[in-house]
Q: 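There's a structure below that I have some questions on.
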There are 2 protein chains.
Amino acid sequence: MRSTKQRNVILDIINNSYDHLDAYGVYEEARKQIPNISLGTVYRNLKSLENAHLIDIVYDGADKIRYDKKDFHQHFVCSKCHKIIDIYDLNFENINTYKNNIVMNCKIILEGICEECQKEE
Amino acid sequence: MRSTKQRNVILDIINNSYDHLDAYGVYEEARKQIPNISLGTVYRNLKSLENAHLIDIVYDGADKIRYDKKDFHQHFVCSKCHKIIDIYDLNFENINTYKNNIVMNCKIILEGICEECQKEE
DNA sequence: CTTCTAACTAGTAATGATTACTATTTAAGT
DNA sequence: ACTTAAATAGTAATCATTACTAGTTAGAAG
C-alpha cells in the first residue's frame, strides 16, 4: 500500500474525528483539504484502510456504514435515531442502562479469519 | 401491526433458518410459499419485524445486511469471506481463537433507546 | 538524479440494494 | 356485513457503492 496524499488525509480525518462519519461525510471533510478529491477515491481508500486494519467499521442500524478510528472501545446505538455513542467504561454488571440510555440488546461480534480462509495462503 | 400471510411466512423463514439470509434470500424462500410476493413487501416486513424486536440484524462486514432469529448468541464474522458463524459458547478467557478461527477484533454493541428519544413519547 | 512500472487518482458510467409510489386488497374492529 | 386503516403487488425512483478508463505518481532500481 503506497502512501498518497489522499489516503493520508482520509486516515487523518477519521483519526481526528469524534463523529462516526459515513463515506460521504469523509468525502466532504476531505474536500476541504483536497477540493477535487473523488468520491470513488474515498470509498477505495476506506476499504483498503479497513483491510489493513487501520480503521474500523460501525454499522448504525439504519443501512449506513460508518467509519471509526482504531481505538478499543464499544458502542451504544440508538434504535430510534441511530445515534452512536462511544463507550469507554463498559460495565457488564449493570448492563440494562448505560448513562441514562436504555439498553435492550447486546451484540458481541468477533472478527477474524475463519478456518477455511487460513488455509488459502 | 396486523398479522398477514406474508409477514407470518417471512418470520417463519427467519426463525427456522440456520443461515443468515439477506433480504433477497428471504424473498427467494418466501416465493416458494407465496409465488407472487413482492420484494418490497419483504423489505417492508423485515424492517417492521426488526422494529418490533421480533428479528435481529447482522452486518456481515461486506455491505450486506443479514437477518437472524431472536435467540441470544454471538457471531464470528470472517474478514475475508464474510462467513458468519453462530457462537453459543463464548468464552472471554481465551478470546484469541474460537474453534480454529483466528479472532482479531471483538466488537460489542449495545442497542437501545437513547436519552433524547426516551423523552419524545 | 533519471527511468520504470505497478499502484493510485479523477471523473464518469454502471450496478444493485433499498425505498417510494399507486391502485388494489384485506385484517380485524364495530 | 360494513368500514377503514394497514398491507400488498408491481413498478419506478433513489442513492450508496463499485467499475471503468485514461492519465498521474510513489517509490524502487539502476
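Order of the sequence lines fixes the chain letters, A, B, ..., with proteins taken first and strands second; residue numbering starts at 1 for each chain. Keep in mind that the numbers below use all heavy atoms, side chains included, and drop hydrogens, waters and symmetry copies.
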Q: Quick check: on DNA chain C, is the nucleotide nearest B/Lys5 upstream (toward 5') of the one nearest B/Leu39, or the reverse? Name the residue that is more 5'.
A: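 Here B/Leu39 is the residue nearer the 5' end.
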
Q: Given the structure, check if the side chain of B/Arg2 and the base of D/dA7 hold any donor-acceptor pair shorter than 3.5 Å.
A: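 Not at all, since no donor on one side and acceptor on the other fall under 3.5 Å apart.
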
Q: From the set D/dT18, C/dG11, D/dA9, return the single nucleotide nearest to any side-chain atom of A/Ser38.
A: C/dG11

Q: Would you please confirm or rule out a distance under 4.0 Å between OP1 or OP2 of D/dT17 and any side-chain N or O of A/Tyr43?
A: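 Indeed, a polar side-chain atom of A/Tyr43 lies that close.
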
Q: Picking from D/dA7, D/dT17, C/dA10, which would you name as closest to the side chain of B/Arg7?
A: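 So the side chain of B/Arg7 is nearest to D/dA7.
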
Q: Go through it in stages, so that I can follow the logic: the residues are A/Asn91 and A/Tyr98, the test is side-chain hydrogen bond (donor to acceptor under 3.5 Å, both in side chains), and I'd like the CA-CA distance, side-chain angles, deciding distance and then a yes or no.
A: CA-CA 9 Å; A/Asn91 172 10; A/Tyr98 175 74; over 6 Å; no

Q: Taking atom OH as the centre, does A/Tyr88 end up with more than 12 heavy-atom neighbours from other residues, nucleotides or ligands that are less than 6.0 angstrom away?
A: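 For A/Tyr88, atom OH is crowded (more than 12 foreign heavy atoms under 6.0 Å).
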
Q: Under a single-linkage definition using a 4.5 Å side-chain heavy-atom cutoff for Ile, Leu, Val, Met, Phe, Trp and Tyr, are A/Ile95 and B/Leu90 assigned to the same hydrophobic cluster?
A: yes

Q: Whole Å only: how far is the CG atom of B/Leu21 from the P atom of C/dA17?
A: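 Distance check: B/Leu21 CG to C/dA17 P gives 14 Å.
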
Q: Can a side chain N or O of B/Thr41 be found less than 4.0 Å away from OP1 or OP2 on D/dA7?
A: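 B/Thr41 to D/dA7 OP1/OP2: no side-chain N or O under 4.0 Å.
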
Q: Starting at atom CD1 of A/Ile10, determine the distance to atom P of C/dC8, rounded to an integer number of angstrom.
A: 12 Å

Q: So if I take every side-chain heavy atom of A/Thr4 and compare against C/dA10, C/dT18, C/dC8, which nucleotide ends up nearest?
A: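 Comparing C/dA10, C/dT18, C/dC8 against the side chain of A/Thr4, the answer is C/dC8.
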
Q: Write down the distance between OH (B/Tyr59) and C1' (D/dT17), rounded to a whole number of angstrom.
A: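 Roughly 11 Å, once rounded to whole Å.
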
Q: Both B/Gly40 and B/Met1 contact DNA chain D. Which one's nearest nucleotide lies toward the 5' end?
A: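 Nearer the 5' end of the strand: B/Met1.
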
Q: What is the distance, to the nearest angstrom, from the CD1 atom on A/Ile65 to the P atom on D/dT17?
A: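 Nearest whole value for this atom pair: 7 Å.
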
Q: Rounded to the Å, how far apart are B/Arg31 CZ and D/dT8 C1'?
A: 16 Å

Q: Starting from C1' on D/dT24, measure out to CG on A/Asn36 and report it in whole angstrom.
A: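 Distance, rounded to whole Å: 12 Å.
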
Q: According to the interplanar angle, ranging from 0 to 90°, do the rings of A/His73 and A/His20 count as parallel (below 30°), tilted (30 to 60°) or perpendicular (above 60°)?
A: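 Ring orientation, 0 to 90° scale: tilted.
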
Q: Less than 4.0 angstrom between a side-chain N/O of A/Asn45 and OP1 or OP2 of C/dT9, yes or no?
A: yes

Q: So if I take every side-chain heavy atom of B/Arg44 and compare against C/dA10, D/dA9, D/dT17, which nucleotide ends up nearest?
A: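 Among C/dA10, D/dA9, D/dT17, the one nearest the side chain of B/Arg44 is D/dA9.
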
Q: Compare side-chain N and O positions of B/Gln6 against OP1 and OP2 of C/dT26 and report whether any pair is under 4.0 Å apart.
A: no

Q: Rounded to the nearest Å, what distance is computed from the CG atom of residue B/Asn51 to the P atom of nucleotide C/dT19?
A: 11 Å

Q: Between B/Arg7 and B/Thr4, is there a side-chain donor-acceptor contact under 3.5 Å, judged purely by atom types and distance?
A: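 No donor-acceptor contact under 3.5 Å links the two side chains.
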
Q: Using atom CG of B/Leu46 as one end and atom C1' of C/dT18 as the other, report the distance to the nearest whole Å.
A: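 It is 11 Å, rounded to the nearest whole Å.
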
